[in-house]
Amino acid sequence: TAADARAAIVDPTRGEEEKLEAWGALRHIEPWGDDVVLEMIRIGETAEDEAIRADVWRQADGKDRSVLLVRPLLNALASDLSEAVRSEAAETLANYLDEAGVRTALEHAAGHDASEEVRDEARQSLGQRDRFE
């Protein structure tokens with residue numbers, strides 16, 4: 001259930017992979033809750049495994065939205081060493097084009113990221129303003 005998934009994410013005894021699985025279960029359920037979002041941001045910013053970081057940002061592209069995600073997504077897009085993480089951040093930022101700095105960051109990534117995949121994802125995000133509306 002959604003309640004079980006939320007509880008798993010905020011449970012300090014659960015590991016990153018368990019929390020990520022629960023985050024995936026919540027992907028198309030709303031609302032997530034700030035406590036859940038903040039824990040997933042923590043994992044997205046600190047996980048040693050780039051696949052986990054990338055998946056946190058991929059799963060954040062769901063039914064609910066939280067402005068708490070904007071700054072961490074912008075940071076990931078600008079500075080994560082992993083192409084996969086930057087690409088997922090660029091994709092999820094399409095949900096936040098009206099937030100301060102998002103369009104500018106995506107435009108910069110579209111023109112300057114070292115990865116063609118990230119540049120392409122940023123360009124797609126800039127063209128997908130209305131994809132959930």
Side-chain angles (χ1 to χ4, degrees):
T1 68
D4 291 337
R6 286 185 193 95
I9 291 170
V10 298
D11 181 344
T13 67
R14 302 287 181 99
E16 290 175 347
E17 278 139 13
E18 285 180 278
K19 291 179 181 211
L20 190 56
E21 185 177 333
W23 183 232
L26 289 179
R27 186 173 186 183
H28 298 292
I29 297 172
E30 56 181 310
W32 293 331
D34 289 352
D35 55 343
V36 166
V37 172
L38 289 169
E39 177 59 8
M40 294 314 298
I41 288 170
R42 183 192 68 75
I43 294 169
E45 291 179 330
T46 64
E48 289 185 26
D49 185 338
E50 71 181 67
I52 289 176
R53 294 193 314 276
D55 211 22
V56 166
W57 305 136
R58 183 179 67 80
Q59 299 289 356
D61 188 4
K63 188 172 183 179
D64 198 12
R65 297 181 193 163
S66 173
V67 295
L68 296 173
L69 289 162
V70 173
R71 180 60 43 205
L73 286 165
L74 289 171
N75 291 342
L77 177 63
S79 62
D80 200 289
L81 297 178
S82 167
E83 172 183 302
V85 173
R86 294 192 315 277
S87 179
E88 293 296 348
E91 180 178 354
T92 299
L93 281 165
N95 298 319
Y96 300 97
L97 286 172
D98 292 332
E99 297 296 326
V102 170
R103 182 171 292 281
T104 301
L106 286 169
E107 289 169 349
H108 185 269
H112 302 289
D113 195 275
S115 163
E116 182 178 343
E117 178 183 335
V118 175
R119 292 192 305 271
D120 287 346
E121 199 61 62
R123 285 187 207 105
Q124 285 183 343
S125 289
L126 287 164
Q128 294 182 345
R129 180 180 196 115
D130 300 320
R131 70 182 177 152
F132 284 111
E133 299 175 314

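FYI, side chains are in, hydrogens and waters are out, and symmetry mates aren't considered; it's all heavy atoms of this structure.
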Q: Rounded to the nearest 0.5 Å, what's the gap from CG on L73 to OG1 on T92? Could you check?
A: 6.0 Å
Q: What pair of heavy atoms forms the shortest contact from I52 to E16, and how long is it?
A: CD1-OE1, 3.6 Å
Q: Check A90 against S125 and note the closest heavy-atom contact, atom names and distance.
A: O-OG, 2.6 Å
Q: Tell me, with the steps shown, if W23 and V36 meet side-chain contact (heavy atoms from CB on, under 4.5 Å).
A: CA-CA 8 Å; W23 183 232; V36 166; 3.7 Å; yes
Q: Is there a donor-acceptor pair closer than 3.5 Å between any side-chain N or O of D61 and the backbone N or O of R58?
A: no
Q: Between atom CG of L68 and atom CG of D35, what is the distance when rounded to the nearest 0.5 Å?
A: 10.5 Å
Q: Could you give me the CA-CA distance, side-chain angles and deciding distance for E121 and E88, then say whether side-chain contact (heavy atoms from CB on, under 4.5 Å) is met?
A: CA-CA 8 Å; E121 199 61 62; E88 293 296 348; over 6 Å; no
Q: Starting at CD of E45, measure out to CG of N75 and round the result to the nearest 0.5 Å.
A: 6.5 Å
Q: Tell me if the CD atom of E21 is crowded by more than 12 foreign heavy atoms within 6.0 Å.
A: no
Q: State, with a plain yes or no, whether a side-chain heavy atom of R6 is found less than 4.5 Å away from one of I29.
A: yes
Q: Could you go through R103 and L106, starting from their C-alpha distance and side-chain angles, then the distance that decides it, and tell me whether this counts as side-chain contact (heavy atoms from CB on, under 4.5 Å)?
A: CA-CA 5 Å; R103 182 171 292 281; L106 286 169; 5.9 Å; no
Q: Is any side-chain heavy atom of V56 closer than 4.5 Å to a side-chain heavy atom of R53?
A: no
Q: Taking all non-hydrogen atoms of both residues into account, name the closest pair between L69 and A60 and its distance.
A: CD1-CB, 4.0 Å
Q: Of all the heavy-atom pairs spanning A54 and V85, show the shortest one and how long it is.
A: N-CG2, 3.6 Å
Q: Is the backbone N or O of D113 less than 3.5 Å from a side-chain atom of R119, with the two atoms forming a donor-acceptor pair by type?
A: yes
Q: Heavy atoms only: give me the nearest K63-H28 pair and the separation to one decimal.
A: CD-O, 3.4 Å
Q: Quick one: are I41 and V37 in side-chain contact, heavy atoms under 4.5 Å?
A: yes
Q: At what distance, to the nearest 0.5 angstrom, does CZ of R86 lie from CG of L93?
A: 13.5 Å
Q: Does a side-chain heavy-atom distance below 4.5 Å link W57 with P72?
A: yes
Q: Any side-chain to backbone donor/acceptor pair from W32 onto L26? Under 3.5 Å, distance only.
A: yes
Q: Could you measure the distance from the CG atom of D80 to the OG atom of S87? Nearest 0.5 Å is fine.
A: 11.5 Å
Q: Report yes if the side chains of L126 and L97 come closer than 4.5 Å at any heavy-atom pair, otherwise no.
A: yes
Q: Tell me if a side-chain donor or acceptor on R14 pairs with a main-chain N or O of I9 at a distance below 3.5 Å.
A: no
Q: Answer yes or no: does atom CD of E17 have more than 12 heavy-atom neighbours from other residues, nucleotides or ligands under 6.0 Å?
A: no
Q: Taking side chain as C-beta onward, heavy atoms only, is Q124 less than 4.5 Å from E91?
A: no
Q: Shortest non-hydrogen contact from A122 to A109?
A: CB-CB, 4.0 Å
